Participant: 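This is the structure I want to talk about, given as structure tokens.
Keep in mind it's a predicted model, so treat the numbers as computed, not measured.
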Amino acid sequence: MEALPIELLRKIVSHLDDCTSLYNLLRASPAIFGLFDHEGLQLTRAVFSQDTMCDQIRESISLMALLDSYTFPYPTLDVFIASFVHLTVKGVQPQRADDPVGPLLPNDLPDNTPIPKIRRILSIYAQIVHLTEACLDHYLEKFNALRPENIVDTETRYSKDFKKTPPWTQRFESFKVPVTDHGPIVWEEEQRVSRALWRIQLFYDLRTAANQSQLRWPAEDVTRLQTMKERDLFVKWGLCYEAEEIHTVNEYLDHAWAANLVFFHDPTNSSSGGCNRDSRRLPFLRHPVERRWPMPRRPSPEPVTQTYKIDFGTFGMQQWQRLSEMPFSPLRTVNFDSYRRLGVAFWCLERFQAIGLIPLNGEGPGASINLTLWQFAWRSILDPLEVVEVEKKLQTEWEEREPRD
């Protein structure tokens, strides 16, 4: 490859279909490395156009490229939240064709992005690919180990008569639900984890740039940002599904740190050893996991906007919200914390179906939904101590509401 003409090298790089391949090629080929010094922006843009990343990741990367250029388009933290966070973190309902169109968001590298910045972004990209695979492996192992139970008598219903039989006190004959392996990770699942990691890195970069006065934000904004946690920028918007994705990823990172699976590399060697935990950037895996599934195929773009976005929470998050709020549910008031450890913020509908968490009465087009079966199945995967805590809370609330004789 080193002896190939520049034109051919340029063509080879331009036809790469993911940024990891570009990063690896830059490390392996001095000729490509030299070409990149002159044409790195154009080559990276070409690979970006073919990469399978969702548009929200592309928007985060584009914003990261602007952070230290003194051309950051958001003059205050509140403007950033209103003009970037509110427009990129959607609620549960997909955007409709007649919804008002917001200002254009950056979705490619800016024209003046310096080559060192592009190299750093590609390095972070490769790092996030490894972290994404490790995070998905961690939660998928827990999820696949589930063996939900359900009620033998499918005509059974939870009681709506709190005085006679509170639903959380009912006990039914049950059986282990047959489960199947849904198989490899799909695009939506991988993108949710990767997007959360990019959001975390964007938060770190944003905080660093603000602290170094590169954003020219008011001092009170800088102080407020320094006190935030990674998910705080996203926690109050819409259904908060991205905040839960970020929270789940952070719990994996905490686990990886405690298990000595990661380290923090300082390219400048400014810290002693380069292995101290650093909240300004993502960690590196000590031993990157071997990918166990093929690269997921990206689905067709959204038909109206022609975008590749994930603008909804997972079925599991929507189901938790529903079951935790229903008046007669034995799961009412259950915290999402109980399901976060299973990666429920990531999994596609078909994976929940394969594990037995979408029970139906009968089969085929005429199958009906028995909410009691759903409630029982989702209750069965909780730790018994968590079930006891929910039942105690429901009993206490009921006794407090019930008028005394």
Side-chain angles (χ1 to χ4, degrees), residues 18-20 22-23 44-45 47-49 51-68 72 74 80-81 84-90 105-110 113 117-136 139 185 187-209 225 228-235 237-238 240-253 256 262 264 278-285 288 295-296 298 307-311 313 343 345-346:
D18 66 89
C19 292
T20 303
L22 175 57
Y23 174 74
T44 305
R45 281 176 167 175
V47 177
F48 264 31
S49 68
D51 193 280
T52 61
M53 73 179 84
C54 68
D55 287 354
Q56 289 127 325
I57 292 176
R58 191 188 303 270
E59 291 162 355
S60 291
I61 293 174
S62 302
L63 200 58
M64 286 168 59
L66 286 170
L67 282 176
D68 57 3
F72 197 63
Y74 309 107
F80 171 73
I81 291 173
F84 181 78
V85 175
H86 283 187
L87 291 176
T88 60
V89 182
K90 305 295 184 181
L105 293 164
N107 63 359
D108 208 342
L109 295 175
T113 308
K117 169 70 74 173
I118 298 175
R119 291 188 189 278
R120 176 178 182 269
I121 286 172
L122 291 176
S123 175
I124 293 172
Y125 185 104
Q127 177 186 357
I128 285 178
V129 165
H130 291 308
L131 289 172
T132 297
E133 293 169 2
C135 181
L136 285 167
Y139 286 113
I185 294 295
W187 181 81
E188 172 196 323
E189 295 169 334
E190 187 168 74
Q191 293 302 299
R192 288 184 189 278
V193 177
S194 182
R195 177 174 63 185
L197 287 163
W198 279 108
R199 298 292 200 203
I200 292 170
Q201 186 62 58
L202 171 61
F203 171 80
Y204 291 158
D205 283 9
L206 186 73
R207 193 164 62 176
T208 298
L225 186 63
M228 285 184 175
K229 300 292 186 182
E230 292 92 338
R231 66 194 288 263
D232 290 347
L233 278 177
F234 309 97
V235 72
W237 321 124
C240 304
Y241 64 87
E242 276 210 54
E244 288 299 346
E245 292 168 6
I246 293 169
H247 196 170
T248 307
V249 166
N250 265 330
E251 285 199 353
Y252 165 72
L253 294 176
V262 294
F264 287 84
D278 189 339
S279 62
R280 294 174 300 173
R281 53 181 176 268
L282 292 171
F284 291 77
L285 283 173
M295 184 73 70
R298 183 169 61 178
T307 57
Y308 296 96
K309 290 183 179 289
I310 304 173
D311 288 342
F346 302 141

Participant: Hey, mind stepping through Tyr74 and Ile81 against side chain to side chain contact (heavy atoms under 4.5 Å, CB included) and telling me if it holds?
Facilitator: CA-CA 9 Å; Tyr74 309 107; Ile81 291 173; over 6 Å; no
Participant: Is there a side-chain contact between Thr52 and Asp18, using heavy atoms and a 4.5 Å cut-off?
Facilitator: no
Participant: So, for Pro110 and Ala65, which heavy atoms are closest and what is the spacing to 0.1 Å?
Facilitator: CD-CB, 3.6 Å
Participant: Look up atom CG in Leu66 and atom CG in Asp205, then write down how far apart they are to the nearest 0.5 Å.
Facilitator: 12.0 Å
Participant: Distance from Trp198 atom CH2 to Leu63 atom CG, nearest 0.5 Å?
Facilitator: 12.0 Å
Participant: Just so I know, are the side chains of Tyr125 and Tyr23 near enough to count as touching, which here means a heavy-atom distance under 4.5 Å?
Facilitator: no
Participant: Can you see which heavy atom on Arg199 is nearest to which on Ile246, and at what distance?
Facilitator: CB-CD1, 3.9 Å
Participant: Pairs of donor and acceptor atoms involving the side chains of residues 129-136, under 3.5 Å and at least two apart or interchain, shall be tabulated with distances.
Facilitator:
unit_1: Thr132; atom_1: OG1; unit_2: Ile128; atom_2: O; d: 2.7
unit_1: Glu133; atom_1: OE2; unit_2: Arg291; atom_2: NH1; d: 2.7

Participant: Using a 4.5 Å cut-off on heavy atoms from C-beta on, say whether the side chain of Met295 contacts that of Glu190.
Facilitator: yes
Participant: To the nearest 0.5 Å, how far apart are CG in Leu22 and CD1 in Ile118?
Facilitator: 9.5 Å
Participant: Between Ile61 and Leu109, is there a side-chain heavy-atom distance shorter than 4.5 Å?
Facilitator: yes
Participant: Please name the pair of heavy atoms, one in Tyr139 and one in Tyr252, separated by the smallest distance, quoted to 0.1 Å.
Facilitator: OH-N, 3.3 Å
Participant: Which distance, rounded to the nearest 0.5 Å, do you find between the NZ of Lys229 and the CG of Asn250?
Facilitator: 9.5 Å
Participant: Taking C-beta and beyond as the side chain, do Met53 and Cys19 meet within less than 4.5 Å on heavy atoms?
Facilitator: yes
Participant: How long is the span from the CD1 atom in Ile185 to the CZ atom in Arg192, to the nearest 0.5 Å?
Facilitator: 12.0 Å
Participant: Look at the side chain of Arg195 and the backbone N and O of Ile310, then say whether any donor-acceptor pair between them is shorter than 3.5 Å.
Facilitator: yes
Participant: For Arg281, does its backbone N or O pair with a side-chain atom of Gln201 as donor and acceptor, under 3.5 Å?
Facilitator: no
Participant: Within the structure provided, determine whether Leu206 and Phe84 are in side-chain contact (heavy-atom separation under 4.5 Å).
Facilitator: no
Participant: Checking the side chain of Thr20 only, and the main-chain atoms of Ala126 only, is there a donor and an acceptor separated by less than 3.5 Å?
Facilitator: no
Participant: Quick one, Cys54 and Ile57 - any side-chain contact, counting heavy atoms below 4.5 Å?
Facilitator: yes
Participant: Test your reading of the model: is there a side-chain donor-acceptor pair from Thr248 to the backbone of Glu244, 3.5 Å cut-off?
Facilitator: yes
Participant: Below 4.5 Å, heavy atoms only, C-beta onward: do Pro283 and Leu253 meet side chain to side chain?
Facilitator: yes
Participant: Would you say the side-chain atoms of Gln127 pair up with the backbone N or O of Leu282, donor to acceptor, closer than 3.5 Å?
Facilitator: yes
Participant: Applying side chain to side chain contact (heavy atoms under 4.5 Å, CB included) to Glu59 and Lys309, what does each step give before you reach the verdict?
Facilitator: CA-CA 11 Å; Glu59 291 162 355; Lys309 290 183 179 289; 2.7 Å; yes
Participant: Pick out which of Arg58, Arg298, Gln56 makes a side-chain contact (heavy atoms from CB on, under 4.5 Å) with Tyr308.
Facilitator: Arg298
Participant: Roughly how far, to the nearest 0.5 Å, is the CG atom of Leu202 from the CD atom of Glu230?
Facilitator: 12.0 Å
